[in-house]
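All chains are named by letter (A, B, ...) in the order of the sequence lines, taking the proteins before the strands, and each is independently numbered beginning at 1.
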Number of protein chains: 2
Amino acid sequence: MSEIFDALAHPIRREVLELLKRGGMSAGEIADRFPVSKPTMSGHFAKLKAAGLIRGENRGGSIIYTLNLSTLEEALLGFMGRVGIGSGAGETPPTAEGETT
Amino acid sequence: MSEIFDALAHPIRREVLELLKRGGMSAGEIADRFPVSKPTMSGHFAKLKAAGLIRGENRGGSIIYTLNLSTLEEALLGFMGRVGIGSGAGETPPTAEGETT
DNA sequence: GAGCCATTTCGTCATTTAGCTAAATATCTA
DNA sequence: TAGATATTTAGCTAAATGACGAAATGGCTC
């Protein structure tokens with residue numbers, strides 16, 4: 001959970017997710033759209049992947065990253081429910097916040 | 001926008017928001033629920049306030065913090081729209097351009 | 001195997017963050 | 001005014017983050 005919100009905390013990583021909304025894209029192709037080095041972008045990909053927000057598929061010498069929308073949706077809707085947005089009827093069903101920071 | 005996601009990146013700050021869902025609470029009362037010092041909590045409050053996620057009302061020697069749900073809702077729903085969750089199909093239609101190989 | 005391309009890992013650096021204690025700043029009450 | 005309480009600011013340290021260039025790795029295609 002914390003891993004997901006940590007991943008969302010960087011503007012480049014949020015933009016990567018928005019970019020991938022349209023479909024899969026290779027690491028290099030994504031990296032070309034941002035004003036930082038490829039190694040830096042690789043680090044961002046790693047963080048997004050560790051959070052389960054993207055998936056990397058090795059294809060023909062390059063890696064195609066795709067958005068894993070369900071993880072994102074679950075995290076955001078879950079948190080919204082806990083603070084009382086959206087489905088927020090009011091009560092907090094299973095609080096399952098096992099953050100062992 | 002980045003300020004909001006930065007604020008949401010820390011588990012204590014997310015828990016504070018959840019706590020305030022039930023209603024206003026004084027800084028000290030909130031701080032007592034977390035295993036860090038009051039100055040540290042004060043820093044968290046400052047960050048949440050700077051992001052517009054909570055409001056502080058000075059009342060009788062203590063400060064009552066309340067959740068500013070609209071900021072949170074706007075940010076989360078806005079981002080969800082941009083990545084294609086929820087209102088999904090509405091904004092920025094998905095032009096399946098990735099498959100045009 | 002050699003070369004090439006795409007991507008990641010490594011080593012380093014600067015900046016930011018989160019935490020602490022101690023001190024300062026209100027604000028209420030007597 | 002003095003004292004008590006509540007909260008923040010100041011100053012510090014340790015750890016995490018984000019960035020870079022250089023080097024290493026993994027797959028193709030000769």
Side-chain angles (χ1 to χ4, degrees), chain A residues 1-20 23-68 75 97-101, chain B residues 1-20 23-68 98 101:
Chain A
M1 177 50 138
S2 238
E3 233 172 354
I4 294 175
F5 278 95
D6 280 350
L8 294 179
H10 198 291
I12 284 186
R13 291 192 293 261
R14 289 197 302 276
E15 279 189 63
V16 167
L17 296 180
E18 295 179 36
L19 202 53
L20 291 182
M25 204 180 285
S26 80
E29 204 177 351
I30 301 170
D32 285 343
R33 287 174 156 74
F34 295 90
V36 296
S37 71
K38 281 174 198 299
T40 294
M41 286 305 294
S42 182
H44 287 312
F45 297 149
K47 213 160 219 178
L48 287 168
K49 204 168 147 194
L53 293 173
I54 63 174
R55 263 179 257 146
E57 180 194 354
N58 203 321
R59 194 152 71 188
S62 44
I63 294 181
I64 307 297
Y65 282 116
T66 54
L67 185 56
N68 189 357
E97 180 81 27
E99 304 277 8
T100 44
T101 317
Chain B
M1 174 54 113
S2 240
E3 232 173 355
I4 295 175
F5 279 95
D6 280 349
L8 294 179
H10 197 291
I12 285 188
R13 290 193 291 262
R14 289 196 302 274
E15 280 190 62
V16 167
L17 296 180
E18 295 180 35
L19 201 54
L20 292 181
M25 204 179 285
S26 80
E29 204 176 349
I30 301 170
D32 285 344
R33 288 172 155 76
F34 296 90
V36 296
S37 70
K38 282 175 199 294
T40 294
M41 287 304 294
S42 182
H44 286 313
F45 297 149
K47 212 160 221 178
L48 287 168
K49 206 167 145 193
L53 293 172
I54 62 174
R55 262 178 259 147
E57 180 193 354
N58 202 321
R59 192 150 73 187
S62 45
I63 292 182
I64 307 297
Y65 282 115
T66 54
L67 186 55
N68 190 358
T101 344

Checklist entry - At under 4.0 Å between heavy atoms, what does B/G60 touch on the DNA or RNA strands: base, sugar-phosphate, or nothing? => result sugar-phosphate
Checklist entry - Looking at side-chain heavy atoms only, is the closest gap between B/I30 and B/F45 below 4.5 Å? => result yes
Checklist entry - Hey, does B/R59 reach any base, or is it just sugar-phosphate, or nothing, if we go heavy atoms under 4.0 Å? => result nothing
Checklist outcome for this item: First and last nt of DNA chain D near chain A, cut-off under 4.0 Å to heavy atoms, 5' to 3', are D/dT17 to D/dC28
Next on the checklist: Between P on C/dC5 and CG on A/N58, what's the gap in Å once rounded to a whole number?
Outcome noted: 18 Å
Next on the checklist: How many whole angstroms separate atom NE2 of B/H10 from atom P of C/dT16?
Outcome noted: 18 Å
Next on the checklist: Just so I know, are the side chains of B/L20 and B/M25 near enough to count as touching, which here means a heavy-atom distance under 4.5 Å?
Outcome noted: yes
Checklist entry - On DNA chain D, nearest-nucleotide positions of A/P35 versus B/M41: which is more 5'? => result B/M41
Item to check | Residue whose nearest DNA chain D nucleotide is more 5′ - B/S26 or A/S37 | outcome: B/S26
Next on the checklist: With heavy-atom distances below 4.5 Å as the criterion, would you say the side chains of A/L53 and A/L67 are in contact?
Outcome noted: no
Item to check | Gap between atoms CD1 and C1', on A/I64 and C/dT7 respectively (whole Å) | outcome: 12 Å
Item to check | Pairs where residues 24-33 of chain B contributes a residue and the test side-chain hydrogen bond (donor to acceptor under 3.5 Å, both in side chains) is met, not counting sequence neighbours | outcome: B/D32-B/K38
Next on the checklist: Once you apply a heavy-atom cut-off of 4.0 Å, does B/K47 come out as touching a base, just sugar-phosphate, or nothing?
Outcome noted: sugar-phosphate
Checklist entry - When all nucleic acid strands are considered with a 4.0 Å heavy-atom cut-off, which category describes B/T40: base, sugar-phosphate, or nothing? => result base
Next on the checklist: Under a 3.5 Å distance rule, please check whether A/R14 uses its side chain to pair with a backbone N or O of A/L8 as donor and acceptor.
Outcome noted: yes
Item to check | Pairs involving residues 47-61 of chain A, ordered by first then second residue, that meet side-chain hydrogen bond (donor to acceptor under 3.5 Å, both in side chains) (sequence neighbours left out) | outcome: A/R55-A/N68
Checklist entry - Under 4.0 Å: is that the gap between some side-chain N or O of A/Y65 and OP1 or OP2 of C/dA6? => result no
